[in-house]
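Heads up: the structure comes next, in C-alpha cells.
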Amino acid sequence: MRSTQSHPETQKAGIFSAYGQPEFFCELTNRGENLPEPLRRVWERLAQFDLDEIRRRTDNAEKQLYRLGITFTVYSDREAIDRVLPFDVIPRVLTAEEWAFIERGVQQRVKAINMFLRDIYHERKILHDGVVPEDLILNNPGYCQKMIGLDVPGDVYVHISGTDLVRDRSGRFLVLEDNVRTPSGVSYVIENRHMMLRLLPDLASGMPLRSVDDYGLRLYRTLCDVAPEGITDPQVVLLSPGIYNSAYFEHVFLAREMGVPLVEGRDLVVKNHLVYMRTVAGLRPVHSIYRRIDDAYLDPLAFNRESLLGVPGLVEAYRRGNVTLANALGTGVADDKAVYAYMPRIIKYYLQEEAMLDSVETHICAEPEGLAYTLANLEKLVVKPVGESGGYGLLIGPQATASELEEFRARLKEKPANYISQPVIDLSVSPTLCPAGVEARHVDLRPFALTGKSTWVLPGGLSRVALRKGSLVVNSSQGGGSKDTWVMSA
Amino acid sequence: MTQLSAPSVGMLPGLNTLLSRYAESMMWLARYMERIENLARLIEVTEAFVRGTDGETGWDSIVQINSDESRFQALYPSASGEDVLQFYIIDPANPSSIRAMANAVRENARSVRPLISTEMWMQLNIFTRWILDLKPGDIRQTGLSALCNHIKQDCQTHTGITEGTLYRDQAWLFYLLGRHLERSDQITRLIDIRYHKLLPLDEIGSEIDTTQWVSVLRSAAAYHAFRRLQPVTTTPANVVGFLLKMRVSHVLWPSIYDKPPMFSRPFQHTIIYESMAMPFRNVSRNSAQRWKIRVPRKSSFGAYMSICIGYKHRSRQFKTN
C-alpha cells in the first residue's frame, strides 16, 4: 500500500465522501491532531472502495449468517424465529498502544475482582474496613451463601469475563459495566472476523492484524488449569440450557472450538458427590464445567427447586472440590450496578494502585444524597435499574419526554434502591454502512478475558454499534449490530 | 521430514465419550432424513405409476403403508388426492408429514450441531427452513413431481455431505444405524402393503401386475439396479427377493466394518453387524413368514433399540452401584 503523509480529507474519499467530521470522538477519522499511521492506512484502503462496490460485496452478509445458523433465537407464542446480529463491514480499529492500555486495565480489574470475591466470602476485610457498605454486599441478590468459607482452585472466581468499555468525547476509555457471571458475545468476535475476511479479503490483506482464532484453545487451557487438584487429564464440558436457549449458537461454537462435549443438565449425574456424564460407554467422570446456566438454575437441590435445566447435587459436589465451575457461584455480586460505583476504591484497596480504566461517575439512589442528586438532575442523567441487563428499563434523560420523566421520578421515589444514575456519555462513533451511505454511529467495546493461572485478554472484542441514528443503546435486543474489531500489532 | 502421527483410537477422548443423548439424536436425524426421502419418492412414484383397480391414482396406499388410516380419516373424512398430499407434506398435526419430520430433523440436528460438520448443519438448516416455510398453495398436483424431486435431491445432498464430511466415530455408527433401520422398516412396509393390494386381485402375471411390482421397485429406488440383474422377468418373487435377500459381498465393505475399534465388546458384534446387514435382515415376522426368509433371533426390535441408545447399559450401571 502506497503511504502518503497528506491528511485523509485531501485524498480521494470514496465511501467517506459524505462522512465529514462527526461531532463525537470518531474511532477512525477524528482523533485530534494526528491520525495514527495504522488508522490512516485502514482509512486509505477503505476509501478506495466506492459505495456500490462495498454494498455489492456485503449484500450477502446477513444471508450468509442466516444460512450458517449464526443466529440468536427469539421466541414468540409458538414460533421460533432465528435472528441474525446485523454485521457492519467497516471495522473498528484499535492501535497497539490503545490495546496495551486496555489489556493492562482489564487485567488489573479482573485481579481486583477475584481478590474482592475471595475476601467477601472469607474474612470480609473490605467490609470491616468500611470501604464498601456491608449491607450492599451481604444482602445483595448476587451474594451466594453457599460460597461462604469455600476455597476455589487458584482463588479464581471469575474465569471468563467481559468488560464493557466506552469512549467519551476526548477518547478516554471508561468502564460502563463488568460482566462476570456468564458473559456472552465472544463467538461473534471470531465469526465477525471470518465474515470480514470472506467479504473484504483485500481490506485486511497485509495489515498487521492480531488474530482472534485461538480463544477456544485458551479457554480450554484455562478450564484445565483450574480443574480440581490432582486431576492430570481433566474432562472439560460446556453446560448449556439447551437448543432453545437464545445463545445456543455460542455454546455450540465454544464447545466445538474447545473440542469438548456440549452437555445439558440431563446429561450429567452426581453420584457420591462426583459428577459424571452419560455416554454410550456408561458414566464418565467430569472435572471442569464451563457453565452457561445462571446460578439459580444450576442445581434444584441447592437453589430453584423448579429448575429442570440443572443437575441435582452439583453444588454439593462443587463444594467438596470434586468439580470446578467456571465461573464460580456468587460472582454476580461483583458486577452489580451499585457495587460498580465502588470499583475504583476496591481496586485501590487490594492492589494499592489507581484504577487504570476510569469508571463513569455513578450516583447510588439507595443513598439519600445520590437519590436527591438524581431527582434534581433527572433530565441530564441516564438512570439504570440495578438488576437488569440487555438495556431494558433504563431512562436516558435528555431523550425522554416530560411525561416519561415524571413517570420515572415516581418509580425512583417508590424503590430508590433499584436504581443508579450516571451522566450521559457522548459515546464515540465509528463510520458505519447505513442505508443513506457511510454515517457515524455510536459504538462500545466488550473485551473478553480468561483467567486461569494468569489473565489473558483476547486481542479484539465485541464492538457493538447502535444502528439507529443518534441512538446510544447498542444492545442487540434494542436494534444494535456489531463490527469486527481490529487490534493492530504495530 | 515431518513425522506424521495419529494417536491410537483408544487414546482419543472424543471417541470414547459420545453422550447417549448425542447417539440418540444422530440416530433419529438419520432416520427422519431417510424417511423424508422415502416419503417424497413414494408420493412421486404413486402419482405417476400406482393405479387402483378403477384406474385412479392409488393415494390410499400411502396412508396404508404408514399405518395412518384412523388418524387420516379423522382429519379428512372425505378423502381426496389433494387431502393425502396436504396430510403428508405440510400438515403439522400429522407427525409423519414431511413438515413435522423436517422439524424433528431440525431439532435433532441442533442437538448434535457440536458434532456434525458445519457443512452438514448448513445444508440441513437451509433445507428444513425451506420445508417449514412451505404454504398449502405450494402443494399443487401440477408441480408435485418437481417438489418431490427437490426434497429428494436435498436429502441426497445431505447423504453426500455426510459421507464426505462426517468423522467416522461412534456418532457416525449411530447415524448409519438409524438410516438402515429406517430403510429396512420402509422396505418391509412397502412390500407388505403392495402385497395386500395386489394379491387379492388374482391377476398375477398380467400386465397391470408387472407395472405395479415395478412401482414397488421404483418406490425403493431399486428399479434400475433390478433391471441390470433381471433384464427379462419381473415376478413378485424375484422383486421381493431382490429387495429383502440380496446381499452385498463382504469384500466390498471396507475393513473398518469388520473390526470396529471404538466400541467396547458388548456393542461390537451387534451394532456393526446389524447396521450393515440391516436392510436385508431386519424383516418383520409376518413378511418373513410370507416370503420364507429366516430372520436371526437377535434382531428383536425392542432389545436392539435399547442397546443402541445405551439405556440398557446405563441401567445396568445404576444397579451395580
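Scope of the values below: all heavy atoms of this structure, side chains included, with no hydrogens, waters or symmetry mates. All chains are named by letter (A, B, ...) in the order of the sequence lines, taking the proteins before the strands, and each is independently numbered beginning at 1.
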Exercise for the section: May I ask you to say whether A:D225 pairs ionically with A:R221, meaning some side-chain N is under 4.0 Å from a carboxylate O? Expected result: no
Exercise for the section: Please check if the distance between the ring centroids of A:Y248 and A:Y244 is under 6.0 Å. Expected result: no
Fill in the blank from the handout: Honestly, the part of B:L19 sitting under 4.5 Å from a heavy atom of chain A is both
Handout entry: Aromatic plane relationship, B:H150 with B:W130 - under 30° parallel, 30 to 60° tilted, over 60° perpendicular
Key = parallel
Problem - Those residues of residues 252-264 of chain A, ordered by number, that approach chain B below 4.5 Å (heavy atom to heavy atom) - result: A:V252, A:R256, A:P261, A:L262, A:V263, A:E264
Exercise for the section: If the plane angle is over 60° it's perpendicular, under 30° parallel, otherwise tilted; pick one for A:Y215 and A:W456. Expected result: tilted
Fill in the blank from the handout: Applying side-chain contact (heavy atoms from CB on, under 4.5 Å) to A:T71 and not counting sequence neighbours gives A:Y66, A:D82, A:V84
Exercise for the section: Kindly indicate whether the side chain of A:L298, heavy atoms from C-beta on, has any atom under 4.5 Å from the side chain of A:Y318. Expected result: no
Completion exercise
So CD1 of A:I160 and CG of A:N179: to nearest 0.5 Å the spacing works out to 12.5 Å
Problem - Under 4.5 Å from any heavy atom of chain A - which part of B:L124 - result: neither
Handout entry: Contact class of B:Q123 relative to chain A, heavy atoms under 4.5 angstrom
Key = neither
